[in-house]
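See below for the structure under consideration.
As a basis for the values below, the full set of heavy atoms in this structure was taken, side chains included, without hydrogen atoms, waters or symmetry mates.
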Amino acid sequence: MATACVDAIDARASVKRAESSAAAAAGERTAEAQRSGRKEGRKEENNMAATLNHICQSSSSVRVLALNGEVLDAHKSRSTSVAGNVHYSLSVGWGARRLHVNRKALSGKKFGPAPAADIRATSGAEVIQQNVPATCDLKSFQEAVEKLEVDLVTEADLKENGFRSSRRTKICCTIGPACCSFEQLEALANGGMNIARLNMCHGTKEWHKNVIKNIRHLNATKGYCVALMMDTEGSEIHMGDLGGTASAKAEDGEEWTFTVRQFDGPLPPCTIQVNYEGFAEDVKAGDELVVDGGLVRFDVLETIGPDDWLDIDFGISEGVDFIAVSYVKSPEVVKHLKSYISSRCPEGSIGVFAKIEAIDSLNCLESIIRVSDGAMVARGDLGAQIPLELVPSVQQKIIDLCRFLNKPVMVASQLLESMIEYPIPTRAEVADVAEAVRQRADVLMLSGESAMGLFPEKSIEVLRNVSLRIEHSCREDKSRKYKPLPELYTALSERISEQICNAAAEMANNLRADAIFVYTRQGYMASLLSRNRPDCPIFAFTETRDVRHRLNMQWGLLPFRLDFSEDIESNLRRTFALLKARGMMKAGDLVIAVSDNLLPTQQANMLQSIQVRRIP
């Protein structure tokens with residue numbers, strides 16, 4: 001096995017430890033003998049090349065002497081299984097490698113250095129050398145292996161647990177005082193956070209800027225792929241403190257300015273601050289503003305300037321991946337925002353998500369989702385505007401519509417509300433999370449649970465474990481039928497891509513493929529594959545980090561950053577070699593491959609196809 005799980009032992013372990021594990025080892029050998037019949041023909045160590053003489057332990061590292069004379073420095077980590085067995089993992093060179101100790105070495109009551117024939121490992125250099133393509137030199141290939149960008153958690157999961165164990169449903173965490181330090185953010189990323197949400201209703205711009213800096217540093221130095229979403233403030237409007245005075249008098253005929261701008265000094269005369277960035281968007285000349293329950297009324301004369309775009313400008317300047325817009329009442333709001341973003345960052349691309357949290361949004365739901373890049377089911381505010389008993393069916397409707405229209409959808413608000421104070425969720429909350437996973441939502445979002453709760457890491461662990469269990473159950477339940485997907489496009493070129501992705505997903509399910517590969521420049525065909533919710537994970541290879549981060553929002557996609565060419569055959573050969581060298585795939589794995597990576601000038605004469613390949 002390319003990534004065989006390690007039952008490693010310390011060759012310097014004490015006799016007492018060996019004696020105490022003898023009985024457990026005997027039982028393990030019996031179980032292993034029973035399993036061996038089912039695994040006949042499988043070569044557990046087909047990628048482990050170097051036979052070792054012995055292992056010498058030091059406090060935090062291991063020096064390994066191979067028979068070829070190479071001395072390897074390896075970082076050692078220790079863990080204990082549920083059964084009480086101690087496991088040691090070695091990280092050799094640039095990537096994690098596993099050390100395998102034959103269970104026969106455990107059979108004696110006393111042992112010193114384990115026999116050479118029973119211990120095998122592979123150094124990073126040897127794995128690379130074994131997989132160098134004929135068309136590439138060793139140095140260039142080694143550089144390519146190191147440049148292949150994949151999320152650290154994804155890589156470890158694929159190595160240790162295989163393809164079918166990878167989580168398909170993504171997790172978004174709202175960042176707040178309980179999880180804003182670099183160490184706390186790293187713990188969330190290690191727990192499975194795919195998207196970090198910045199709620200602009202709370203915190204200063206400087207605070208949010210520091211969080212963004214920490215997440216970017218985390219991605220760059222630790223190998224994570226956490227996308228950034230900025231959530232704008234809602235439409236509940238609060239007035240400022242009137243410059244320190246308890247009240248202000250408005251005379252008939254006076255002109256006052258309502259603004260979202262922050263002032264360093266005293267407020268200008270006849271100026272009122274409000275906390276809603278979209279204020280100037282929602283009011284129009286001729287509207288009436290009612291203050292203090294109707295004690296004061298203002299007629300709107302005009303709306304001036306870009307005051308309502310301060311959060312948006314901040315998100316653009318910081319280069320966030322997504323902006324979530326509150327209380328979207330019509331598709332025009334989204335169109336206007338996307339036009340504004342395009343005019344200010346023509347080279348970049350920020351996804352706009354519509355938050356569905358008002359009755360007005362439901363009245364024109366499909367038209368809003370069609371012009372958006374995704375949607376958020378904001379159940380807290382939505383539940384305050386519609387009867388509570390309608391929330392589950394509305395949630396299902398929004399999720400289905402987003403999937404039909406090929407737009408990612410997030411389920412938010414009160415998923416694990418009790419975990420703000422308690423370390424264990426209620427059973428009802430677990431059932432709620434399970435239902436959202438079963439409905440095939442792209443993303444589950446934590447709000448107060450991660451932002452200000454006492455147990456943010458436990459909360460993300462619950463989401464991760466429930467998602468994995470329910471996803472596995474859905475794959476095994478073949479009787480569960482899903483609604484057929486309607487055709488999305490009318491143009492022939494787009495219909496071809498859509499049908500290819502539909503067929504690729506169906507082939508992957510029927511052939512029980514280990515993975516689907518898609519090479520994509522903008523994420524187009526990757527999203528079409530995700531829309532089909534296939535049983536196997538989707539390896540989405542793209543050339544830019546921005547697209548890689550955006551792909552992290554969609555169900556089932558494992559985004560990689562990889563330099564590739566327009567020739568899918570050379571891309572496949574190179575990718576197979578790179579993934580084998582990194583220990584994420586092995587010879588014999590079955591892959592379905594598609595591509596949309598051709599340049600626009602080449603698309604007219606391109607041959608689109610589905611390839612079914614076994615990794616050599």
Side-chain angles (χ1 to χ4, degrees), residues 176-177 198-212 230-320 323-330 332-345 350 352 355 357-358 360 381 384-385 451:
L198 306 174
N199 187 356
M200 301 306 290
C201 292
H202 307 286
T204 64
K205 296 291 193 299
E206 287 302 315
W207 184 90
H208 288 294
K209 184 176 292 188
N210 189 59
V211 171
I212 293 172
M230 189 192 77
D231 197 332
T232 60
E233 292 190 54
S235 63
E236 184 179 81
I237 303 173
H238 295 282
M239 293 173 54
D241 62 2
L242 299 175
T245 61
S247 63
K249 186 176 181 180
E251 300 287 352
D252 286 344
E254 283 185 342
E255 293 187 7
W256 285 66
T257 300
F258 288 72
T259 180
V260 297
R261 180 177 298 158
Q262 301 296 317
F263 295 91
D264 295 330
L267 289 176
C270 298
T271 299
I272 296 175
Q273 286 179 306
V274 295
N275 77 331
Y276 172 42
E277 300 290 352
F279 179 76
E281 274 295 302
D282 283 354
V283 299
K284 300 178 178 61
D287 287 350
E288 184 180 59
L289 301 182
V290 178
V291 180
D292 198 12
L295 292 179
V296 181
R297 296 174 182 268
F298 293 90
D299 292 324
V300 178
L301 300 179
E302 62 177 340
T303 57
I304 306 170
D307 278 1
D308 57 318
W309 297 102
L310 294 182
D311 278 354
I312 305 299
D313 287 337
F314 174 78
I316 293 172
S317 66
E318 291 298 318
V320 298
I323 292 177
V325 189
S326 298
Y327 289 98
V328 176
K329 299 178 180 179
S330 70
E332 283 68 32
V333 174
V334 178
K335 291 178 182 178
H336 190 186
L337 175 56
K338 295 180 78 169
S339 175
Y340 184 86
I341 293 173
S342 297
S343 67
R344 281 155 179 78
C345 56
I350 298 176
V352 175
K355 295 174 67 176
E357 51 191 344
D360 292 335
D381 291 311
Q385 297 204 16

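- Residues passing the side-chain contact (heavy atoms from CB on, under 4.5 Å) test with Ser339: none are found, sequence neighbours excluded.
- Take Glu251 and apply the salt bridge (Lys or Arg N to Asp or Glu O under 4.0 Å) test, not counting sequence neighbours, and it matches Lys249.
- In terms of heavy atoms, Ile350 sits closest to Gly315 at CD1-O, 4.4 Å.
- In this structure, the side-chain contact (heavy atoms from CB on, under 4.5 Å) partners of Val352, at least two apart in sequence or on a different chain, are Val325, Val334, Leu337, Lys338, Ile341, Asp373.
- Contacts of Glu255 classified as side-chain contact (heavy atoms from CB on, under 4.5 Å), with partners at least two apart in sequence or in another chain: Leu301.
- Applying the ring pair (Phe, Tyr, Trp, His ring centres under 6.0 Å) test to His202 and every residue at least two apart in sequence or in another chain returns nothing.
- Shown here for Asp313 and Tyr340, the closest heavy-atom pair between the two residues is OD1-OH, 2.7 Å.
- Pairing each heavy atom of Glu357 with each of Tyr327, the nearest pair is OE2-N, 2.7 Å.
- Here the shortest heavy-atom pairing between Asp311 and Lys205 reads OD1-NZ, 3.1 Å.
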Working note: Met230 + Ile323, criterion side-chain contact (heavy atoms from CB on, under 4.5 Å); need CA distance, chi angles, decisive distance, verdict. CA-CA 5 Å; Met230 189 192 77; Ile323 292 177; 4.1 Å; yes
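- Under the rule for a salt bridge (Lys or Arg N to Asp or Glu O under 4.0 Å), the partners of Glu288 that lie at least two apart in sequence or sit in another chain are Arg297.
- Partners of Ser330 by side-chain contact (heavy atoms from CB on, under 4.5 Å), not counting sequence neighbours, listed by chain and number: Glu332, Val333.
- Between Asp381 and Lys355 there is no salt bridge, since no side-chain nitrogen of the basic residue lies less than 4.0 Å from a carboxylate oxygen of the acidic one.
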